[in-house]
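Inspection log for the structure reproduced underneath, given as structure tokens.
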Amino acid sequence: QVQLVESGGGLVQAGDSLRLSCAASGRTFSRRIMGWFRQAPGKEREWVASISQSGGTTYYTTSVRGRFTISRDNAKNTVYLQVNSLTPDDTAVYYCAAVRSLGLVTARQVDYWGQGTQVTVSS
């Protein structure tokens with residue numbers, strides 16, 4: 001089983017930035033489409049962004065487009081989510097995932113989940 005471990009979350013103020021990281025184990029990282037989801041308290045888990053195997057194609061949910069950037073370093077088996085201009089609405093647990101397709105995906109299209117990293121944004 002592929003292991004995904006997120007890091008980089010924390011407590012920040014509105015307008016601040018973070019870089020979330022997801023370190024993947026296994027031999028097939030470069031063959032997988034990767035994505036980020038988030039889940040706020042009392043809300044369903046929401047797809048945020050995804051990135052193609054080589055990193056050349058990315059997709060974002062509307063609410064984060066222009067503020068968040070997904071990237072990957074296949075040599076390090078790591079995918080990143082740069083989160084800028086954070087607002088309290090971005091407060092959530094952020095999950096890394098190995099997904100089956102680019103673009104908007106649901107939980108049914110996720111092969112592996114990380115355990116999540118908490119991002120809390122104060123006003």
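Note that the OG atom of S30 and the CG atom of D73 stand 11.5 Å from one another [nearest 0.5 Å]. Atom CD in Q53 sits 9.0 Å away from atom CG in N74 (nearest 0.5 Å). For the atom pair R100 CZ and I33 CD1, the distance stands at 11.0 Å (nearest 0.5 Å). Rounding to the nearest 0.5 Å gives a distance of 11.0 Å between CD of E44 and OG1 of T106. With rounding to the nearest 0.5 Å, the separation of CH2 in W36 from CE in M34 is 8.5 Å. Rounding to the nearest 0.5 angstrom, the gap separating the CG atom in L18 from the CZ atom in F68 is 9.0 Å.
Side-chain contact between Q109 and V99: absent, with no pair of heavy atoms (C-beta onward) separated by less than 4.5 Å. Proximity of T57 to L102: side-chain heavy atoms (C-beta onward) are separated by under 4.5 Å at one or more points.
N84 and S17 share a donor-acceptor pair across their side chains, judged by distance under 3.5 Å alone.
I51 is not connected to F37 by any chain of hydrophobic side-chain contacts under 4.5 Å among Ile, Leu, Val, Met, Phe, Trp and Tyr, and they are in different clusters. Cluster annotation: V119 is connected to V64 through the hydrophobic network of ILVMFWY side chains, with a link wherever side-chain heavy atoms come within less than 4.5 Å. Follow the hydrophobic side-chain contacts under 4.5 Å out from Y95 and you never reach V121; the two are in separate clusters. Note: the hydrophobic cluster containing Y112 also contains F29 (ILVMFWY, side chain heavy atoms under 4.5 Å, direct or indirect links). Criterion: ILVMFWY side-chain heavy atoms under 4.5 Å apart, direct or through other members. Under it, V79 and V48 are part of a common hydrophobic cluster.
Residue pairs meeting the salt bridge (Lys or Arg N to Asp or Glu O under 4.0 Å) criterion with at least one member in residues 29-39, sequence neighbours excluded, are R32-D111, R38-E46, R38-D90. Pairs of residues two or more places apart, or lying in two chains, that qualify as disulfide bond (SG atoms under 2.5 Å apart) and include a residue from residues 78-123 are C22-C96.
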- Query: Does the side chain to side chain contact (heavy atoms under 4.5 Å, CB included) test come out yes or no for Y80 and T69, once each step is laid out?
  - Reply: CA-CA 8 Å; Y80 305 95; T69 303; over 6 Å; no

- Message: Run the side chain to side chain contact (heavy atoms under 4.5 Å, CB included) test on T120 and V12 for me, step by step, so that the C-alpha distance in whole Å, both residues' side-chain angles and the decisive distance to 0.1 Å come before the verdict.
- Response: CA-CA 6 Å; T120 302; V12 298; over 6 Å; no

- Task: Take R72 and N77 through the test side chain to side chain contact (heavy atoms under 4.5 Å, CB included) and record every step on the way to the result.
- Result: CA-CA 8 Å; R72 67 193 296 163; N77 272 25; over 6 Å; no

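Scanning all heavy atoms of the two residues, the minimum distance from V93 to G116 falls at CG1-CA, 3.8 Å. In terms of heavy atoms, S50 sits closest to G103 at OG-N, 3.2 Å. Minimum interatomic distance between S123 and A14 (heavy atoms only, all atoms of both residues): CA-CB, 4.3 Å. In this structure, L4 and A24 approach most closely via the heavy-atom pair CD2-CB, 3.5 Å. Minimum interatomic distance between A49 and L81 (heavy atoms only, all atoms of both residues): CB-CD1, 4.3 Å.
With hydrogens and angles disregarded, a donor-acceptor distance shorter than 3.5 Å links the side chain of E6 to the backbone of Q115. With S85 contributing its side chain and G15 its backbone, the two residues share no donor-acceptor pair below 3.5 Å. Using modelled atom types, one side-chain atom of T78 and one backbone atom of K76 make a donor-acceptor pair closer than 3.5 Å.
Around the OH atom of Y59, the shell of radius 6.0 Å holds no more than 12 heavy atoms that belong to other residues, nucleotides or ligands. More than 12 heavy-atom neighbours from other residues, nucleotides or ligands sit within 6.0 angstrom of CD on Q82.
S7 is linked by a side-chain contact (heavy atoms from CB on, under 4.5 Å) to S21, counting only residues two or more places apart in sequence or in another chain.
For the pair R65 and Y60, the cation-pi test (distance below 6.0 Å, angle within 45°) is failed.
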